Amino acid sequence: MEYNYAKRINHLKASEIREILKVTENPEIISFAGGLPAPELFPVDEIKEVSRIVLEEAGTEALQYTTTEGYLPLRKWIAARMNNRLGTQFEPDNILLTHGSQQALDLSGKVFLDEGDVVLCESPTYLAAISAFKAYGCEFKEVPTDEEGMIPAELDRILDSTPNVKLIYVIPDFQNPTGRTWTLPRREHLVKAAMKHQVMIIEDNPYGELRFEDEPLPSLQAFDHKGCVLSLGTFFKIFCPGYRIGWVAGDQKVVEKYVLVKQGTDLQCNTLAQREIAKYLEMYNIDEHIEKIRKVYKRRRNLTVKLMEDYFPEGVTFTRPKGGLFAWIELPANVNARDVLIKSLEQNVAFVPGGSFFPNGGRENTFRINFSNMPDDKIEAGLQSLAGVLREFV
């Protein structure tokens, strides 16, 4: 039978990370591929207790439908934490709970993008955001990006010369895939440029609390007085990804549009998961838990950088992230990271080639590694093995 699919299906292809993760299900593989948290840090015993209490105290409510916006005490907590940490001024009505920031990206496409609209993004950018937006028939313009963020003159040039720009998508803190963090002047310039051109900014911030050094920087929301910034957050990296709870935060009029499209997508997020997270936040100190995560990830970041400095051949450069989960490696221009991956998998070591992080293609001489998931001994063995493979190409 010939299936008559919607046109948007033609824009979609399988996620490269998901395909690689299938390979890494082999327990012999040392995987630097996925952005997975360290499972040994999940608070399993505390969650057992939380689950018991939620079911005993409010079992019928926890197993019932809830509002599309999400459980009010959890939205209150998110708003207060963002206000205290990031300089925002949110109320619960500024928050919509979503099935992770990935659903928030998809809802952003539904709310804002028509066929032929343009999304500006960093170069490179998060590949799952590319997939989410591409489903709505948009085009991408990559804004030249350096260690401090989008280059202001290039951003202004593209905004001045490009019609139909609907969204600017950025990850200012410990960016996926590069691990870079935007400076304060770059953040402020972006928001001013977006307000001038009346373009919405999607600020994705799944890693912001995983800072290993220096002081936190404000959200883009802190510079926005026209309602042009929407911030995405998640409990995936600071708590447990299995709960699948994230959020959209922004101007209430815009959040209401997200509520409408979410109602047509899944009606609501998991009621039990929302209540269990809220009860955990009430009973336990999330900051102590995050500090435990930070200490482990900082040690693994330090180990990863030192091993790359000691073993990677000359001609290979890499970022030294101040937080988050990822480092970004650049090879000489004539080396294709996909070829390196094939050889690396023969040594049972996996990573993600960088070409897929560029929505318009190119830059196949790059790749991303994750340092949060593997224990120290496997990081050491895996990077030494990868260094040996790189010496065959460089």
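We're numbering straight along the sequence, starting at 1. Side-chain atoms are counted along with the backbone in the values below, which use heavy atoms only and exclude waters and symmetry mates. It should be emphasised that the depicted structure is a prediction, and the values quoted were computed from it without experimental measurement.
Every residue meeting the salt bridge (Lys or Arg N to Asp or Glu O under 4.0 Å) condition with Asp173, not counting sequence neighbours, appears here in chain and number order: Arg187, Arg211. The salt bridge (Lys or Arg N to Asp or Glu O under 4.0 Å) test applied to Glu288 returns no partner, not counting sequence neighbours. Residues forming a salt bridge (Lys or Arg N to Asp or Glu O under 4.0 Å) with Arg275 (at least two apart in sequence, or on another chain): none. In this structure, the side chain to side chain donor-acceptor pair (under 3.5 Å) partners of Thr271, at least two apart in sequence or on a different chain, are Gln268. Among residues two or more places apart in sequence or in another chain, the side chain to side chain donor-acceptor pair (under 3.5 Å) test is passed with Arg391 by none.
The closest side-chain donor-acceptor pair between Asn176 and Arg368 falls under 3.5 angstrom. Checking Asp114 against Tyr136 by side-chain atom types alone, no donor-acceptor pair falls below 3.5 Å.
Residues Ile277 and Phe236 do not share a hydrophobic cluster, clusters being chains of Ile/Leu/Val/Met/Phe/Trp/Tyr side chains in contact below 4.5 Å.
Cation-pi geometry between Arg301 and Phe371 is not met: the NZ or CZ atom fails to fall both under 6.0 Å from the ring centre and inside 45° of the normal.
Screening Phe32, Phe318, Phe367, Trp328 against Phe351 for a ring-ring contact (aromatic ring centres under 6.0 Å, His included) leaves a single residue, Phe367. No option in Arg81, Arg85, Lys292 other than Arg81 meets the salt bridge (charged side-chain N to carboxylate O under 4.0 Å, His left out) test with Asp287.
Side-chain contact check for Met195 versus Val191: some heavy-atom pair is nearer than 4.5 Å. By the 4.5 Å heavy-atom criterion applied to side chains, Pro37 and Ser372 are not counted as neighbours. Two residues are said to be in side-chain contact when any heavy atoms from C-beta on lie closer than 4.5 Å; Tyr169 and Leu120 fail this criterion.
Of all the heavy atoms in Leu281 and Trp77, the pair that sits closest is CD1-CD2, 3.5 Å.
Ring pair Phe235/Tyr243: centre-to-centre distance not below 6.0 Å.
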Show your reasoning for whether side-chain contact (heavy atoms from CB on, under 4.5 Å) applies to Val229 and Met200. CA-CA 6 Å; Val229 178; Met200 291 298 301; over 6 Å; no
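Looking only at distances, a side-chain donor or acceptor of Asn360 sits under 3.5 Å from a matching main-chain atom of Phe140.
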Please output the side-chain donor-acceptor pairs of residues 59-66 that fall under 3.5 Å, not counting sequence neighbours, one pair per line with the distance.
none

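The aromatic rings of Tyr280 and Phe239 sit tilted relative to each other, their planes meeting at an angle between 30° and 60°.
Between Lys237 and Glu209, none of the side-chain N atoms (NZ, or NE/NH1/NH2) sits under 4.0 Å from a carboxylate O, so this pair counts as no salt bridge.
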